[in-house]
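Working notes, structure below.
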Amino acid sequence: MALATCLAGAPAQAAVPDSPAVTYTNPIAEKRADPHIFKHTDGYYYFTATVPEYDRIVLRRATTIQGLKTASETTIWTKHASGVMGAHIWAPEIHFIDGKWYVYFAAGATNDVWAIRMYVLEGTGANPLTASWTEKGQIKTQWESFSLDATTFVVNGVRYLAWAQRDPSVNNNTDVYLAKMANPWTITGTPVMLSRPTYSWETVGYKVNEGPAVIQRGGKIFMTYSASATDANYCLGMLTASAGADLLSQASWSKSPTPVFASSAATSQYGPGHNSFTVSEDGKSDILVYHDRSYKDITGDPLNDPNRRTRVQKVYWNADGTPNFGIPVADGVTPQRFSSYNFPDRFVRHYDYRARIEANVTKLADSQFRVVPGLAGSGTVSLESANFPGSYLRHKNFEVWLEKNDGSAQFASDATFQRRAGLADPAGVSFESYNYPGRYVRHWEFLLNVQAVSTATDRADATFYAQ
């Protein structure tokens, strides 16, 4: 008996998701590390990043995230010929504060390239690519020591600065610190150390916590940061605090014991890190922005390897309100999730290679699929696994399984579908079998099958929402 109608308390149908699917094609920018994308109220996305020459600050703008890939690039500031701000121009971020533009960046000096400190530019003008920029100088902290990766955010009307810095009394590289701000280039009060690299995954190559980035949701503050050397070991950790807590108390923050985003050999993405966050064009999805490389092995110092690329993918949210970043997805089109029309908390996922719908899929990539051109014919689609590239949802004995493409015509036909407007709601999507017209992917006792549909229940079971 179809659980869609006979399970006690089962919902009749789902509302259209608050956060519909977004699709981007990675990478967004070649040879651009430490990326920062800011969506402004003027309808433009502004993008800046570290260039491999480490000698200048660049900006792009476009009305879409994908448009940043081909947008023209403007140099708004160039390193000094001598003295401070003369070397290692790293990790710029652009923010709009009280009617002016601010770029935070790190720089060394010509006489000591490793005397890395944090600096601020102020821009006046509607468009930062053509704004008039002035130097506001160094952000002074509690020590005159290696410091970088400044970011700023507001909680409950209070503006904070988070950054990475070396404590001269400790034998490591950098910790993450937080302080209130008196103005966009000055901190005030006593900074607090939020995180120190102590876990094994934070100390590979170097003992590093750096690149803090903040996303807020549901009364919680989530601060991601990057850890370990900037090679394939680079990864993201995360700190969490309540928005109502004293953010300047280390006790208010909890630290994830494992990385929340790390290299994936399956998708050939290595060393994901130094992220920022932005939002989709419709404002309904949170977007993770980060860099990585498409290969694991690096010759020489990773800092001399120019091939870190800017990439984006959607952030999903677990039932407990925490962000789920999944894995760095493969290059090309980004994957989607498909929620059930009549069981809105359940998503299509593979488990032991059998396709089903299930709630609370915290192993996010099991429930992500790339909608790619159909293996068997033009105008059709196939659903490729996010964490098993080259494997597709296909029907076998009318059951839907995830299997590796064996190159056969039979596999191609079984793994190809006509994408239709949702049978129960045209805002949704239904997948009609390519080689068995009239049969659709539908759930039956939570397992996916390819079956004929005739009743309202059938149509509901065969309808999904892309998220």
Side-chain angles (χ1 to χ4, degrees), residues 26-38 45-62 65 68-82 84-94 103-110 112-119 121 128-129 133 146-151 164 173-174 205-206 208 210-211 213 226-236 263 268-276 289-312 328 331:
N26 281 316
I28 296 296
E30 300 283 358
K31 296 186 177 181
R32 291 294 178 266
D34 312 322
H36 188 258
I37 296 176
F38 172 75
Y45 288 92
Y46 292 91
F47 166 71
T48 187
T50 301
V51 301
E53 298 81 10
Y54 301 149
D55 64 352
R56 65 194 187 276
I57 296 175
V58 298
L59 286 179
R60 303 181 191 184
R61 78 169 185 167
I65 292 172
L68 294 170
K69 183 179 181 74
T70 54
S72 60
E73 194 167 80
T74 298
T75 298
I76 63 161
W77 183 87
T78 303
K79 70 177 182 179
H80 289 192
S82 62
V84 299
M85 292 185 277
H88 281 168
I89 310 304
W90 289 349
E93 286 198 7
I94 184 167
V103 169
Y104 298 84
F105 67 100
T110 53
D112 184 356
V113 298
W114 295 108
I116 305 294
R117 303 292 186 269
M118 300 179 293
Y119 300 91
L121 304 178
L129 278 70
W133 291 94
F146 187 93
S147 54
L148 70 169
D149 298 348
T151 191
N173 294 88
T174 50
Y206 297 97
V208 169
E210 65 183 15
S226 300
S228 289
T230 57
D231 53 18
N233 295 294
Y234 211 47
C235 60
L236 292 184
S263 292
S268 299
Q269 306 299 327
Y270 297 96
H274 203 114
N275 77 289
S276 59
V289 185
Y290 64 98
H291 73 235
D292 73 6
R293 293 184 178 89
S294 60
Y295 50 89
K296 181 178 181 180
D297 297 322
I298 300 170
T299 301
D301 188 339
L303 283 175
N304 296 327
D305 180 293
N307 294 318
R308 293 179 289 179
R309 320 88 52 76
T310 295
R311 310 179 85 250
V312 296
D331 282 353

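One-based numbering along the sequence shown. Because only heavy atoms are used, hydrogens play no part in the values below, and waters and symmetry mates are left out as well, while side chains stay in.
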Measuring from atom [atom1] of [X] to atom [atom2] of [Y], what distance do you get when rounded to the nearest 0.5 angstrom?
| X | Y | atom1 | atom2 | value |
| --- | --- | --- | --- | --- |
| Met118 | Thr151 | CE | OG1 | 11.5 Å |
| Asn26 | Arg311 | CG | CZ | 4.0 Å |
| Arg60 | Thr70 | CZ | OG1 | 8.5 Å |
| Tyr290 | Asp292 | OH | CG | 5.5 Å |
| Lys79 | Tyr54 | NZ | OH | 12.0 Å |
| Arg309 | Asp331 | CZ | CG | 4.5 Å |

On a heavy-atom basis, which atom in [X] and which in [Y] lie closest, and how many Å separate them?
| X | Y | answer |
| --- | --- | --- |
| Phe146 | Trp90 | CZ-CZ3, 4.2 Å |
| Pro272 | Pro328 | CG-CG, 4.1 Å |
| Tyr45 | Leu68 | O-CD2, 3.7 Å |
| Asp149 | Ala91 | OD1-CB, 3.4 Å |
| Ala109 | Ala87 | O-CB, 3.8 Å |
| Pro306 | Pro52 | CB-CB, 3.7 Å |

Side-chain donor/acceptor of Thr310 to backbone N/O of Arg32, under 3.5 Å: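 Such a contact is found between Thr310 side chain and Arg32 backbone.
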Note, [X] side chain near [Y] side chain (heavy atom, < 4.5 Å):
| X | Y | result |
| --- | --- | --- |
| Cys235 | Ser226 | no |
| Glu210 | Asn173 | no |
| Trp133 | Val103 | yes |
| Thr48 | Phe38 | no |
| Thr75 | Val58 | yes |

Under the side chain to side chain contact (heavy atoms under 4.5 Å, CB included) rule, collect the residues that match up with Ala33, sequence neighbours excluded. Thr50, His291, Arg308
Among all residues two or more places apart in sequence or in another chain, which pass the salt bridge (Lys or Arg N to Asp or Glu O under 4.0 Å) test with Arg61? none
Between His80 and Trp77, what is the ring plane arrangement, given parallel below 30°, perpendicular above 60°, and tilted in between? tilted
Any chance you could lay out the side chain to side chain contact (heavy atoms under 4.5 Å, CB included) test for Arg56 and Ile89, step after step, and finish with the verdict? CA-CA 6 Å; Arg56 65 194 187 276; Ile89 310 304; over 6 Å; no
Got a sec: does the NZ of Lys31 have more than 12 other heavy atoms crowding it under 6.0 Å?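 No, NZ of Lys31 has 12 or fewer neighbouring heavy atoms, counting only those of other groups under 6.0 Å.
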Run the side chain to side chain contact (heavy atoms under 4.5 Å, CB included) test on Ile28 and Phe47 for me, step by step, so that the C-alpha distance in whole Å, both residues' side-chain angles and the decisive distance to 0.1 Å come before the verdict. CA-CA 10 Å; Ile28 296 296; Phe47 166 71; 5.7 Å; no
Please determine, by modelled atom types, if Asn307 and Glu30 share a side-chain donor-acceptor pair under 3.5 angstrom.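 No donor-acceptor contact under 3.5 Å links the two side chains.
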Is Arg293 salt-bridged to Asp231, going by a charged N under 4.0 Å from an acidic O? no
Name the residue from Val51, Thr74, Leu121 that meets the side chain to side chain contact (heavy atoms under 4.5 Å, CB included) definition with Ile57.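 Going through Val51, Thr74, Leu121 one by one, the side chain to side chain contact (heavy atoms under 4.5 Å, CB included) with Ile57 is satisfied by Leu121 alone.
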